[in-house]
Q: 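Okay, handing you the structure first.
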Amino acid sequence: MASSNPAGRDSDLYAAVQDIQAGYWMEMRQVLARTGSWPQWTSRTQVLGIVAAQANVVELWLKEEPGSLAARVMYARVATERVLQAHRRQWARDSQKAQDLEKLVARARDACHRAGEGNPDDSVPWICRLALAETDTTGRYPEHHVAPPPHEYLLPHGPWGLLGEVHRRDQFNREAWHRMSQALQAHPGPAGRQAVATDFARWTASFAPPDSPLLLLPIYARVQEHRERRDRGAEVMLNLLWTREDTTRAVTQAFEGWFQKCDPATSSQLDLNYLAYALARGGFAQWATEVFDAIGDFATPAPWQYDARHPADQWRKAFEEDRVACLRSHPRHTGKHP
């Protein structure tokens, strides 16, 4: 049975998540000390920040070790995640909660500044600042509304300078470009949210490295379009969406350019699930079988929760139905991944 685990295949990260949920921070510190690359640092701090935002373990860590650079970065993660969660709960629509939200934003921006001072080569404090741009509904911060690169007329104003700061430290950082897409969609202007998502995804994929997970950004945009059409009741058009020439081209590029070169053990489980979803719907059953094998037991709610066949809380049914259908079509495939 498919299950959702925020740590994915990362057993060290899983142990740290369990420790945080029990109210402790020592395992988190040890796991971060053993983290050996910037992409892994980014993904681990993101997962830990989401979990730790529900408790005060990072604050306890900072109190015990106020000079810890890792603790500062984790506090920036936690403070940013709390702003994002409050924004999703629409605190800005309530006058009292709006004041609380402003306090959370100020706290997060200060935490990002402090983390960046102590870690000038670390992209995470800048990623956190980039994430905060999504919540700037009043246009209060000029850094969130910068003109796009020259000659990119289809792209709106947004936090381009913050993306540039991340890119200088960690080129084509997966989270940063997803955060940028979310920020642009939050303030799309007359073009509309879907058009902005599609244009940004195509632009990014046009120059991303051939083995980059950013090749999946057009698939994320397609899933969003699928979701919006489903919500409008245009279910009869959903299958056509996945067989369009531009969608087929994007799916092929993601599979051949990224999946066939990636290591599932270190790849985003969300990326694997999005790719399997797109392949299954686009009629690429054999390729989808390979991706389902790579996913194993590490399914994620999205994008399966957007499936029109089942309610959102029955996303596992959608996952299992597609996996079984693809395996029946190609029971003896010999893909790269065992």
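Just so it is clear, the values below take in all heavy atoms, side chains as well, and ignore hydrogens, waters and symmetry mates.
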Q: Are the side chains of Leu275 and Trp287 in contact, using a 4.5 Å heavy-atom criterion?
A: no
Q: Examine the side chains of Glu81 and Gln85 and answer whether a donor and an acceptor come within less than 3.5 Å of each other.
A: yes
Q: Let me see the working for Glu64 and Arg29 under salt bridge (Lys or Arg N to Asp or Glu O under 4.0 Å), right down to the final yes or no.
A: CA-CA 12 Å; Glu64 289 291 324; Arg29 182 182 68 173; over 6 Å; no
Q: Parallel, tilted or perpendicular for Phe207 and Trp203, by the 30°/60° rule?
A: perpendicular
Q: Between Arg323 and Glu320, does the salt bridge (Lys or Arg N to Asp or Glu O under 4.0 Å) criterion hold? Intermediate values first, please.
A: CA-CA 5 Å; Arg323 178 163 69 172; Glu320 294 293 350; 3.1 Å; yes
Q: Among Trp25, Tyr75, Tyr24, find the residue that satisfies the ring pair (Phe, Tyr, Trp, His ring centres under 6.0 Å) test when tested with Trp61.
A: Trp25
Q: Can you tell me if Asp170 and Trp41 form a side-chain donor-acceptor pair at under 3.5 Å?
A: no
Q: Val105 versus Tyr141: any side-chain heavy-atom pair under 4.5 Å?
A: yes
Q: For the residue pair Gly8 and Gln269, what are the closest heavy atoms and their distance?
A: CA-CG, 4.0 Å
Q: Heavy-atom count check: over 12 atoms from other residues, nucleotides or ligands less than 6.0 Å from Arg109 CZ?
A: yes
Q: Go through the steps to decide whether Arg249 and Glu245 satisfy the test salt bridge (Lys or Arg N to Asp or Glu O under 4.0 Å), and finish with yes or no.
A: CA-CA 6 Å; Arg249 185 167 55 249; Glu245 182 179 354; 3.7 Å; yes
Q: Report yes or no: does Asp110 contribute a side-chain atom to a donor-acceptor pair with the main-chain N or O of Ala106 at less than 3.5 Å?
A: no
Q: Mark yes when over 12 heavy atoms from residues, nucleotides or ligands other than Arg328 sit less than 6.0 Å from its CZ; otherwise mark no.
A: no
Q: As a quick check of understanding, evaluate ring pair (Phe, Tyr, Trp, His ring centres under 6.0 Å) for His144 and His187, giving each step before the final call.
A: CA-CA 10 Å; His144 298 160; His187 314 286; 8.1 Å; no
Q: State whether Arg179 and Glu175 are salt-bridged, where the test is any N-O pair (Lys NZ or Arg NE/NH1/NH2 against Asp/Glu carboxylate O) under 4.0 Å.
A: yes
Q: Supply the atom-to-atom distance Leu62 CG to Ser68 OG, rounded to the nearest 0.5 angstrom.
A: 7.0 Å
Q: Let me confirm one number: the NE2-CZ distance from His226 to Arg281, rounded to the nearest 0.5 Å.
A: 6.0 Å
Q: Which class fits the ring pair Trp304 and Phe319: parallel under 30°, tilted 30 to 60°, perpendicular over 60°?
A: perpendicular
Q: Compare all side-chain heavy atoms of Leu32 with those of Leu48 and state whether any distance is below 4.5 angstrom.
A: yes
Q: Can you check whether Asp322 reaches Arg309 side chain to side chain, under 4.5 Å on heavy atoms?
A: yes
Q: Once rounded to the nearest 0.5 Å, what's the spacing between atom CG of Leu162 and atom NE2 of His167?
A: 14.5 Å
Q: Within the 4.5 Å heavy-atom criterion, are Leu279 and Phe292 side-chain neighbours or not?
A: no
Q: Any donor-acceptor pair under 3.5 Å linking the side chain of Arg82 with the backbone of Leu104?
A: no
Q: Please name the pair of heavy atoms, one in Lys63 and one in Pro66, separated by the smallest distance, quoted to 0.1 Å.
A: O-CD, 3.8 Å
Q: Following the transitive rule for hydrophobic clusters with a side-chain heavy-atom cut-off under 4.5 Å over Ile, Leu, Val, Met, Phe, Trp and Tyr, establish whether Met180 and Val124 coincide in one cluster.
A: no
Q: Please state whether the rings of Trp242 and Tyr277 are parallel, tilted or perpendicular, taking 30° and 60° as the class boundaries.
A: perpendicular
Q: Kindly work out whether a path of hydrophobic side-chain contacts (I/L/V/M/F/W/Y, heavy atoms less than 4.5 Å apart) joins Ile127 to Leu184.
A: yes
Q: Let's go through Thr289 and Ser329 carefully: what are the C-alpha distance in whole Å and the side-chain angles of both, what is the deciding distance for side-chain contact (heavy atoms from CB on, under 4.5 Å) to 0.1 Å, and is it a yes or a no?
A: CA-CA 9 Å; Thr289 299; Ser329 298; over 6 Å; no
Q: Would you say Thr247's side chain and Leu241's backbone share a donor-acceptor pair under 3.5 angstrom?
A: yes
Q: What is the distance from atom CD1 of Ile219 to atom CZ of Phe255, rounded to the nearest 0.5 Å?
A: 11.0 Å
Q: Should the heavy atoms of other residues, nucleotides or ligands under 6.0 Å from CZ of Phe172 be counted, would the total exceed 12?
A: yes
Q: Which atom names give the shortest non-hydrogen contact between Ala115 and Ala76, and what distance separates them?
A: CB-CB, 4.1 Å
Q: Give a yes or no on whether the backbone of Asp122 and the side-chain of Asn119 come within a donor-acceptor separation of less than 3.5 Å.
A: no
Q: Would you say that Thr45 contacts Met74 through its side chain, given a criterion of any heavy-atom pair below 4.5 Å between the two side chains?
A: yes
Q: Does Arg244 come within less than 4.0 Å of Glu225, counting only side-chain N to carboxylate O?
A: yes
Q: Among the clusters formed by ILVMFWY side chains lying less than 4.5 Å apart, do Ile20 and Ile50 turn up in the same one?
A: no
Q: When you measure from the side chain of Arg9 to the backbone N and O of Ala265, does any donor-acceptor pair fall under 3.5 Å?
A: no
Q: Can you measure from CZ (Arg77) to SG (Cys128) and round to the nearest 0.5 angstrom?
A: 4.5 Å
Q: To check you understand the geometry: which heavy-atom pair defines the closest contact between Ala186 and Glu134, and what is its length?
A: CB-O, 3.6 Å
Q: Find out if a path of hydrophobic residues (ILVMFWY) with successive side-chain heavy-atom gaps under 4.5 Å connects Val324 to Val291.
A: no
Q: Hey, does the side chain of Gln194 reach the backbone of Ala221 with a donor-acceptor pair shorter than 3.5 angstrom?
A: yes
Q: Under 3.5 Å, is there a donor-acceptor pair between the side chain of Arg169 and the main chain of Pro120?
A: yes
Q: Answer yes or no: is there a side-chain heavy-atom contact under 4.5 Å between Asp199 and Glu152?
A: no
Q: Charged N to carboxylate O under 4.0 angstrom, Asp307 versus Lys317?
A: no
Q: With a 4.5 Å heavy-atom cut-off, do Phe200 and Leu154 have their side chains touching?
A: no
Q: Which heavy-atom pair separates Ala53 from Val78 by the least distance, and what is that distance?
A: CA-CG1, 3.8 Å
Q: So His178 and Gln182, side-chain hydrogen bond (donor to acceptor under 3.5 Å, both in side chains) or not? Walk me through it.
A: CA-CA 6 Å; His178 277 267; Gln182 292 162 5; 5.3 Å; no
Q: Val47, Trp177: one ILVMFWY side-chain cluster at the under-4.5 Å cut-off?
A: no
Q: State the CD-CZ distance between Glu165 and Arg129, to the nearest 0.5 angstrom.
A: 7.5 Å
Q: Please answer whether the main-chain N or O of Ala195 pairs with a side-chain N or O of Thr198 as donor and acceptor at a distance below 3.5 Å.
A: no
